[in-house]
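Worksheet for the structure shown next.
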Number of protein chains: 2
Amino acid sequence: MGHEQGPAAGGRKGAAVDQARFDGATDLGQACRFCLRRGAALFRDLTDEELTRFGQMQIADLGFLPGEVLYRQGDPGQAVYMIRDGMVKLEQFLPDGSQRIVRLARGGAAIALEVLLDGDCEHQAVALQPTRVCRLPREVLLRIEGETPRLHRQLMAFWHASVSEADTWLTLLSTGSARTRVARLLLLLSEEGESFEMLSREDIGAMLGITTETASRTVAEFRRAGTLRPVGVRRFAVDRGALAGISGT
Amino acid sequence: MGHEQGPAAGGRKGAAVDQARFDGATDLGQACRFCLRRGAALFRDLTDEELTRFGQMQIADLGFLPGEVLYRQGDPGQAVYMIRDGMVKLEQFLPDGSQRIVRLARGGAAIALEVLLDGDCEHQAVALQPTRVCRLPREVLLRIEGETPRLHRQLMAFWHASVSEADTWLTLLSTGSARTRVARLLLLLSEEGESFEMLSREDIGAMLGITTETASRTVAEFRRAGTLRPVGVRRFAVDRGALAGISGT
DNA sequence: CGTGGCCTTGAAGTAAATCAACACCAGTGG
DNA sequence: CCACTGGTGTTGATTTACTTCAAGGCCACG
């Protein structure tokens, strides 16, 4: 399952490449047996027999590099994406041109669920890290759902995850001082694994509703305090205790 | 369908009465035929035959007065609530005791959907106006869902509405200056009907992530400018054009 | 070696929080 | 009836945190 990586999508922002770098069409059975191992599969409740039966359907297995766009706000809804690995930001644009990142999707998450309701894509999805996804065409999901009701519970679980994530952003990342918000964001980013890949100051700002300068200053402050220390290129480890204190928990 | 109204839930906040003022157990068929008229029914896709069949199940038809609590954060999930009329705020508490209102639910909305996944209630739901709801026990919904897959699409629509609402709050009500946020909130509140019932300054603050003082000052400013004018007790009408300008649309 | 993209940092200006006082009203009890 | 009370809203003065504007540093890349 190796994948070659080209240079990051270059050029001015907004003109990112919407193209897979490493991709292979695969059948549902394969894709899901992989996901099953990860314990967050959409089809975990399907029997082997069903997996085989639906295995004929073509599921695209795509890769995106940082900066590449999975889909844009307003795109006609064609497919749901399951994140297998990596990280994607979902952003929404306001009429005045400003934007806000409303969610991060990491491994195990489903995005663009709204297309199941015949809607257009409500966000723009952009990879923040090298990301692998399963692209599940709407028709495939709807057909499977029609045949095996067991899928519903899983779908609801993904909807629920979206709502919970959104609520978390409202309560944790949009409340309190800039310092507090950055601390809470770092806690979230670092909650799985020893270290994590730092986001751009601009993205941090767009997530927390603060300016990039304030984001920069706050991150710099945490670095000086030793609360945040570099452990590689763009990778950092945090002092969870200190951050928890700052975040008011 | 008359309902008596007692005095508002008195006493200190947080000790609100969790009790119905006007309630009548009814059967599913009745409840839904009412909701069907409103065009936002959970069961709209069920046939008459099915409605009658499930009609045996007892659905509670409850009423709440402003300040009364429908359920608390952490309560064991027992039922989903369909708002028939009125307005409910969903609030989430942070460990440090502060709170944030993450959503408003008005007529046609479903709240506490998370109990369908065997979870506890994730918010505290408090009526802001005299509110009528249908209380649908989890078992009832799950059983109906198991028998008629048509319910799924409706449920997904409600999940979707929750996510969309949350995203709106992030982009519209948690971004920009206090003035801008208040303007956008007033636009949302006034989007159906000529006038609307004003919220307390404290609630406005908890929705927008600003202090009650700032909320008060901004509302007062809009009143002085004539952008917001009183048309009754706690009821106001707005100059939508002016607000749209301020909100940057 | 230059160029452009991010990040950092400083100085100045400003919006909002904070602290504090008071007005207003409905309800309560003298 | 009036005086009291508590809750809510308003307003002012002050302080603080964040934005804004501006400059320069660092690094990957051509």
Does [Y] offer a backbone N or O that forms a donor-acceptor pair with the side chain of [X] under 3.5 Å?
X      : Y      : result
B:T175 : B:L172 : no
B:R100 : B:M207 : yes
A:R201 : A:L199 : yes
B:T227 : B:D239 : no

Nearest-nucleotide 5' precedence on DNA chain D, B:S216 against A:R179: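 Looking at DNA chain D, the more 5' nearest nucleotide goes with B:S216.
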Establish, with yes or no, whether the OP1 or OP2 oxygen of D:dC18 is under 4.0 angstrom from a side-chain nitrogen or oxygen of A:R217. no
On the nucleotide D:dT19, are OP1 or OP2 found under 4.0 Å from the side-chain N or O atoms that A:T211 carries? yes
Checking side chain to side chain donor-acceptor pair (under 3.5 Å) between B:E91 and each of B:H123, B:R103, B:Q99, which is the one that passes? B:Q99
Pick base, sugar-phosphate or nothing for A:T212, based on heavy-atom distances below 4.0 Å to the nucleic acid.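 Nothing: the residue A:T212, judged by heavy atoms under 4.0 Å, touches no strand.
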Where the side chain of B:A178 is concerned, which of C:dT8, C:dA16, D:dT11 is the nearest nucleotide?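 Ranking C:dT8, C:dA16, D:dT11 by closest atom to the B:A178 side chain puts C:dA16 first.
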I want to verify a distance call: between C:dC7, D:dG9, D:dC18, whose nearest atom is closest to the B:S200 side chain?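 Between C:dC7, D:dG9, D:dC18, the one nearest the side chain of B:S200 would be D:dG9.
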For residues 220-233 of chain B, which residues have at least one heavy atom under 4.0 Å from DNA chain C?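 None - not one residue of the stretch has a heavy atom sitting under 4.0 Å from the strand.
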For [X] and [N], what is the distance between atoms [atom1] and [atom2] respectively, to the nearest whole Å?
X      : N      : atom1 : atom2 : answer
B:E202 : C:dA17 : CD    : C1'   : 16 Å
B:R234 : C:dC25 : CZ    : P     : 14 Å
B:D203 : D:dT8  : CG    : P     : 10 Å
A:R201 : D:dC26 : CZ    : P     : 16 Å
B:I204 : D:dT8  : CD1   : P     : 14 Å
B:L199 : D:dG9  : CG    : P     : 10 Å
B:E213 : C:dT18 : CD    : P     : 8 Å

Indicate every side-chain donor-acceptor pair of residues 208-215 of chain B with a distance under 3.5 Å to a residue at least two apart or in another chain.
{"unit_1": "B:T211", "atom_1": "OG1", "unit_2": "B:T214", "atom_2": "N", "d": "3.2"}
{"unit_1": "B:T211", "atom_1": "OG1", "unit_2": "B:T214", "atom_2": "OG1", "d": "3.0"}

Return the orientation label for the A:F236 and A:F196 ring planes: parallel under 30°, perpendicular over 60°, tilted otherwise. tilted
